[in-house]
Asker: 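Attaching a single structure in structure tokens format; questions to follow.
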Amino acid sequence: MSLLTMSGVSAFYGPSQALFDVNLSVDQGEVVALMGRNGMGKSTTIKVICRLLQHRGGDVTLDGSNISGVPSYRVARMGVGLVPEGRRCFKDLTVYENLVAAARRGEWDFELVTELFPRLKERRDQAAGTLSGGEQQMLAIARALMTNPRLLLLDEATEGLAPVVRQEIWAAISNLKANAGLTILVVDKSLSELRQIADRGVILEKGRSVWTGQFDELTEELSDRYLGV
Amino acid sequence: MKRERYLNFALMALLLFVPLLAWLLDEPFLITLTTRAVIFAIAGVGLNLALGFGGLVSFGHAAFFGLGGYAMGILAHHAQTYTPLMEWPLVIEGTKSMLVVWPVAILTGALAALAIGALSLRTSGVYFIMITLAFGQMLFYFTISWSAYGGEDGLSIYVRNSFPGLNTMDPIQYFAICYGLLLLVLFGVSRVSGSAFGLMLRAAKQNEERVQAVGQTPYRLYLIAFTISGAITGLAGALFADLNRFVSPTMLSWQVSGEIMVFVILGGVGRVYGPVAGAALFILLEHTLGGLSEYWHVYLGAILLGVVLFARGGLYGLLAGREVAHD
Amino acid sequence: EGLKVGMITTLSGGGAGLGIDVRDGFMLAVEQSGRDDIEVVIEDDQRKPDVAVQLADKMIQSEKVDVLTGIIWSNLAMAVVPATVAQGKFYLSPNAGPSALAGKGCNKNYFNVAWQNDNLHEAAGAYANSADLKNSFILAPNYPAGKDALTGYKRFYEGDLAGEIYTKLGQTDYASEIAQIRASGADSIYFFLPGGMGISFLKQYADSGVNLPVVGPAFSFDQGILQAVGAAALGVKNTSQWSKDIDNATNAAFVESFAAKYGRLPSLYASQGFDTANLLISAMGSADVADQDAFRAALQAADFDSTRGDFAFGPNNHPIQDIYVREVVQEGDVFTNKIVSVGLEDHGDAYASDCKM
Amino acid sequence: MTDPVLDVQGVTKAFGGLVASKNIDLDLRQGEIHALIGPNGAGKSTLVQQVTGGLTPDSGRIVFDGHDVGAMSTAKRAQFGMARTFQISSLAMEYTVLQNAMLGALGRKGKVLSFFKNVMRELDLRSAAELALEQVGLSDFQSVRTADLSHGQRRQLEVAVALTLSPKAFLMDEPMAGMGADGSRSLIRILDALRDRAPILLIEHDMDAVFALADRVSVLVYGEIIATGSVHEIRANPDVRRAYLGEEVG
Amino acid sequence: MSWILLVEQTLNGLQFGVMLFLMAAGLTLIFGVMGLINLAHGSLYMVGAFAAAAVAGATGSFGLALAASLTAAALAGVVIETTVIRRLYDRDHLDQVLATFALILIFSEGTRWLFGSFPLFLDRPEFLAGTVSLPFGIEYSKYRLSLIGVGLAVAAGLFWMIAKTRIGIQIRAGENDREMIGALGVDISKLYTLVFALGAALAGLAGALIGAIQSVQVGMGEPVLILAFVVIVIGGIGSIQGALVGAILVGVTDTLGSFLLPKVFSLFLAPAAATSVGSSLASMAIYILMAGVLLVRPKGLFGGA
Ligand SMILES: Nc1ncnc2c1ncn2[C@@H]1O[C@H](COP(=O)(O)OP(=O)(O)OP(=O)(O)O)[C@@H](O)[C@H]1O
Ligand SMILES: Nc1ncnc2c1ncn2[C@@H]1O[C@H](COP(=O)(O)OP(=O)(O)OP(=O)(O)O)[C@@H](O)[C@H]1O
Ligand SMILES: [Mg+2]
Ligand SMILES: [Mg+2]
């Protein structure tokens, strides 16, 4: 059964329309990659799902219930965890406080997330604003995990991370999927890395979902046309 | 953009039309009231340069307004009592000529703003709001106890200062002077806003780091803007004192700083003509509501609240739409 | 012929109580006169000098009033009165009496129906002598009226000063001053702290354990304020040109009708408003305002029944009147004042000799 | 060989107990792209901050174009011809894309104290700005408000502003971050051509870009430069592979 | 001048400072934590005082009066937060200034409408009347001494809440990025309503406690508001410790300034001139203090780097 579906969704920033008729579904336990060039609406789609942006047309359902008009904190409590574009750590709070602020009951706690990112443990009492770019990125991922989500939204979660760390994160994500049954919607720029972890892909072009399918169906012609690779 | 231009035109035409009509109908008070709005508009346009374009929320602009007023008051006081202002090292006489009073008021405002700004700009944000308030309050208390010039009672000037070829005691002629100055100030400010300095200043408001990275020092930009702003507000102060033929410490009180700020916000922060609309609306409200009930402040409050909540970007935001970048 | 009065007074904000009392007293007299040829235009000055000036312009230019009145505060009066009389209008002051307008700056069209600012303080100085107070500690806010107050007190007071303090205008905490009073060895206190400042001072003084006789002008012991001070004011001596127990028929009728109409006891400000209106009405009875000289003479004659009993104008158009010493007492639930003696009899002011009209 | 444009000599910087730069020597020569890579938190941005003036080194010297700039303000260094891009976009968000580009052109000319002339009509500045926007592929967005741009578009603008400064050297902190594949590719082309105008100190985690562009690569780990060399040498260096690149890459 | 008097004056300064802290605490909480400039804080102070005076007048109980002040101010806080303030969080400070300035007008005249134009009566409870004897023969008002106690207790409680509790952390997170903390599942608007109500209740409490020894009248909040802003800016916005230290600094400077400055000037000026110059300077003292502090530490004493 689909955990998340979007059908015919349109969304606006003020008067300008950013999404037109976006269709997308993510099944329980699945990893879906959302792809497209810069400015095509990937982040907007993510924002609509966690209600940082209210869509205008179409339906968004989570676990079978329609979430139009539901405030973002409710959606988060329904089990949606967000790693936003640009990290958005709470810069004046310490690493520890950043994590505590988000914590909700479940398997993930301070010990477990810092096992995944030992660097964060070292920097426990440093203000998040003074962390290095990559450290902040780790913090953003850890913070999302602290909410113990069922559906994890990763918007360019590996931006600015060193290649080794990226690999660790992809490995951890595969692990989460396999062991914890976590459902993941991921935006990332490296097609080759997405191929390795995602079950399916969705391509956005100028605010429309233009392709959905398995990665082996993603022909070179398609990826050249829509992704520029 | 176009809409904004029409709006500017309509606003200025209205400000001209009302007193002319009042003049024909022999309603001198209406002329005086409009003059008051025009003078407050000048003060607001001055503040807007710092606040709207530089993001410098000054809660102490009444100081420059009041100093401009006192510059005029003191000069005229000495002239009307025939006592020199200063005898050593050189003799300075008072004067009742606007052409001398204005530059003195402008210079006083500018120098005060330069000094206060140089110190205050070490801080930013809310701290800047409060430190400018502090300097304003210092000057306020100073004038209250400045017994040489009347202390809290202030100074009365029996007739307005003179302007060559005009009878300044005639309301419509004095209005014409103030209106002319407003036009001049607006012209100047709109040029500055579109200039290289204006572009950089407004960039500093949005992102200081960016401005530094292109080789500019925000502090210097701010200080220049603040000084010009103080100068304009000082001029407004001199005009205001002349309008009332009276200057007192009230002109330097924090409530006046607040009011000038209200004109700017009400009209639309960072819009060249915004403060004009704000001052006009505020004076209109003050005047019409005052008759309604003893508790008219409640209505005034409710209307102001309505504007903030429902008209983002003030009157200009409401009527001319979101600010469009100049191109 | 009718007469148009412009009243500019403080009706909103912190100091509104005084303006409302003056207005109510004034309008009561107008109503009781039964005349329908007096038109009163009332405007709120918000206690801002520039607004007062604007309103005066409006009243004179647009409303074309014959007489202006109503201003409560000296600094507003200083802003409005000179220009008003310069334009040939009459101004009757129901409250403020700055010295500048009593001496050199006096004007034949300016009449003060309340007091010259120093009067009540002078009477307090005289009272201190008669009560055998020899070492007063005196304090007032640091602004012109405060300085005038202490000067007025010292003009008549003959004893020594244990201390003299100027406090911040609008100050609310007086612990520091009270400590200085305690340490000074004073035998009495004289203070001029109008409005909320006086309330705060008295409450804090009552709680400080210092127990010296306190004297003040009526402004801090007025009917509108006493209830807020409560028992802390009991026994305090204060000086006033009016009191609700001044024994004459006009006053008794005024107190009764004011209380009946507005549901509260009148204050001295109300009495001043009432007297101002009656003075005006008396002048209307004998002259037409269009004939300025005749009307002025009629005002000068002060031929009306004042709530204060005897009332006359001195050469500078300021009152010559008795100033009483009152004591704060409790009558049932209500705190009020009772006359204990006359502080100064037929008292004029110190500036009259400077006035050349 | 001419003197290096930028010469960092023995720079050290500590935050409390953490030494983020340990006695670093690094230079940038005319005509080259010098890539600085290293794990997260190694001290790369900290170093750039010290070079551009955001942070003051505890010790060491920074020589730029023959001047010791170690004690100068950021603005002063920029006037000397040092252009940087930020790791997290730092733009005037209310301005249009063109206005942002104008800032660079204007800053470069230093004609800021002009109060009456309309800047947007200063054609030399304007064409410099338009050219830079064209180079990064933002020509069509000139009059879009910067706040309305997507993340990747802002990164492109960030580079464009640096271009308008026509500086003596570029310091770029992760310019590729957040750019899509085609965006990265075109940026690689731009940078490739740019090195002849001014050398570039490039911090980047995108190894495809680094390997395609860099003349020299330095590797920073825990505040220390552990290796400097050609792309080939660095790829082969086992320490670098372990500390940074990971197994699969290369 | 005796040393005892100087000690007593310092104590007075301290006590005045603590009184200011009561008012400043709520302001710094709202200002620092929610990033909101609330000029109407003085109005909440006034609401507290009027509610207390009304209830004390009707029941004669000071305890009930205090409860009333807390409730009324908190309620007023909730009402304005939900109707006005919450629309202002993501606006810039200017809109907040204008909107809360409008609220002052409404509150002040509304109160005058309800209670009339004359000051109300509110007295300290009987059991706190009079003085206690302290060492060195200082007689000190019992009521003022208890104010110091209440102020310090409030300081400690607030400090703990903001720095240590999870709610405190979430509130501070909201200050950095309100939208994000919402997306992590925290109902930040409810939280903010609560904080605002708490800040309002503190202002109301201050109004009642201080109103008992000052005058309860319309407009009473404005002078204190300015002082409270001075206090929190000196201390560093958002810092409870800062507010406490700033309040005490302001209290002591003000008290000692008005006490000592005229004496200092009388050393080299004629008595009349000395009092006049000294008192004028004394009225400026705290503003000079504030400017001085900000010039040395542009973000206040406890305001971060
Ligand atoms: N806050 C905003 N206001 C107005 N328009 C916006 C805003 N954010 C994005 N847009 C516009 O919406 C469109 C889609 O943007 P979005 O951020 O969803 O793109 P994206 O696919 O995530 O791109 P990127 O890979 O660069 O992050 C873009 O054209 C952008 O200009
Ligand atoms: N102000 C500060 N106080 C304390 N530690 C700091 C401060 N600034 C940076 N650091 C620490 O210094 C180290 C170096 O940070 P820097 O930002 O230079 O890393 P970086 O190499 O740019 O990493 P990334 O690739 O992740 O951006 C990090 O561990 C960071 O947490
Ligand atoms: Mg995106
Ligand atoms: Mg970095």
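Chain letters run A, B, ... following the sequence lines, proteins first, then strands; residues in each count from 1. Quantities reported herein were computed from a predicted structural model and do not represent experimental measurements.
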Asker: Do C:Asp21 and E:Phe118 have side chains that approach each other closer than 4.5 Å (heavy atoms only, starting at C-beta)?
Answerer: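 Answer yes - side chains close enough.
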Asker: Quick one, E:Arg124 and C:Lys203 - any side-chain contact, counting heavy atoms below 4.5 Å?
Answerer: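 No, side chains not in contact.
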Asker: Quick one: are C:Ile20 and E:Arg112 in side-chain contact, heavy atoms under 4.5 Å?
Answerer: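 Counting from C-beta outward, C:Ile20 and E:Arg112 do come under 4.5 Å.
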Asker: If you tally heavy-atom pairs under 4.5 Å against chain E, which of C:Ala179, C:Gly230, C:Gly209 wins?
Answerer: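 Result: the option with the highest number of such pairs is C:Ala179.
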Asker: Contact part of E:Pro262 toward chain C, heavy-atom cut-off under 4.5 Å: side chain, backbone, both or neither?
Answerer: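 Neither part, no heavy atoms under 4.5 Å.
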Asker: I want to check something: taking the side chain as every heavy atom from C-beta on, are E:Ser258 and C:Lys168 in contact at a cut-off of under 4.5 Å?
Answerer: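 No - every pair of side-chain heavy atoms lies 4.5 Å or more apart.
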Asker: Counting heavy-atom pairs closer than 4.5 Å to chain E, which one of C:Val229, C:Thr172, C:Ile199, C:Ile178 comes out on top?
Answerer: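 The residue among C:Val229, C:Thr172, C:Ile199, C:Ile178 with the greatest pair count is C:Thr172.
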Asker: About how many Å separate CG of E:Leu260 and OG of C:Ser176, when rounded to the nearest 0.5 Å?
Answerer: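 The CG atom of E:Leu260 is 8.5 Å from OG of C:Ser176, to the nearest 0.5 Å.
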Asker: Which one wins on heavy-atom pair count under 4.5 Å against chain C: E:Ala212, E:Ser108, E:Ala53?
Answerer: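 Looking at each option in turn, the highest pair count goes to E:Ala212.
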Asker: Of all heavy-atom pairs between E:Pro119 and C:Gly224, which one has the smallest distance, and what is that distance?
Answerer: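 The pair with the smallest heavy-atom distance is CD-O, 3.8 Å.
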Asker: Suppose a student defines contact as a heavy atom less than 4.5 Å from any heavy atom of chain C. Which residues in residues 223-231 of chain E would they list?
Answerer: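 Residues qualifying by a heavy atom under 4.5 Å from chain C are absent, so none.
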Asker: Using non-hydrogen atoms only, which part of C:Leu202 is less than 4.5 Å away from chain E: side chain, backbone, both, or neither?
Answerer: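 Contact with chain E involves no heavy atom of C:Leu202 at all.
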Asker: Could you tell me which of E:Gln214, E:Lys142, E:Glu222 has the largest number of non-hydrogen atom pairs under 4.5 Å with chain C?
Answerer: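 Top option by heavy-atom pairs under 4.5 Å: E:Gln214.
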Asker: Which answer fits E:Glu8, side chain, backbone, both or neither, if we ask what part of it has an atom under 4.5 Å from a heavy atom of chain C?
Answerer: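 For E:Glu8, the side chain is the part near chain C, not the backbone.
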Asker: In terms of heavy-atom pairs under 4.5 Å with chain E, which of C:Ser200, C:Ala231, C:Ala232, C:Gly196 leads?
Answerer: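 Max contact count across the listed options: C:Ser200.
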Asker: Please look at C:Glu164 and chain E and tell me whether the side chain, the backbone, both or neither of the residue comes under 4.5 angstrom of a heavy atom of that chain.
Answerer: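 C:Glu164 touches chain E through backbone heavy atoms alone.
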Asker: Identify which part of E:Leu120 has an atom lying under 4.5 Å from any heavy atom of chain C, answering side chain, backbone, both or neither.
Answerer: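 Contact with chain C: backbone only.
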Asker: For E:Glu109 and C:Ser12, work out which heavy atoms get closest and say how close.
Answerer: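 Closest pair (atom of E:Glu109, atom of C:Ser12, distance): OE1-CB, 3.5 Å.
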Asker: Do E:Gln15 and C:Asp173 touch side chain to side chain, with heavy atoms closer than 4.5 Å?
Answerer: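 Result yes, sub-4.5 Å side-chain heavy-atom pair found.
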Asker: Where on E:Met220 is there a heavy atom nearer than 4.5 Å to chain C: the side chain, the backbone, both, or neither?
Answerer: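 Neither part.
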Asker: Does any non-hydrogen side-chain atom of C:Ile165 lie less than 4.5 Å from one of E:Ser279?
Answerer: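 No, their side chains stay 4.5 Å or more apart.
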Asker: Can you tell me which portion of C:Gln180 sits under 4.5 Å from chain E's heavy atoms? Options are side chain, backbone, both or neither.
Answerer: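 Both backbone and side chain.
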Asker: Side chain, backbone, both or neither: which part of C:Asn142 has a non-hydrogen atom closer than 4.5 Å to chain E?
Answerer: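 Just the side chain, heavy atoms under 4.5 Å.
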Asker: Search all heavy atoms of E:Thr131 against all heavy atoms of C:Asp207 and return the closest pair with its distance.
Answerer: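 Scanning both residues completely, I find the closest heavy atoms to be CG2-O, 3.7 Å.
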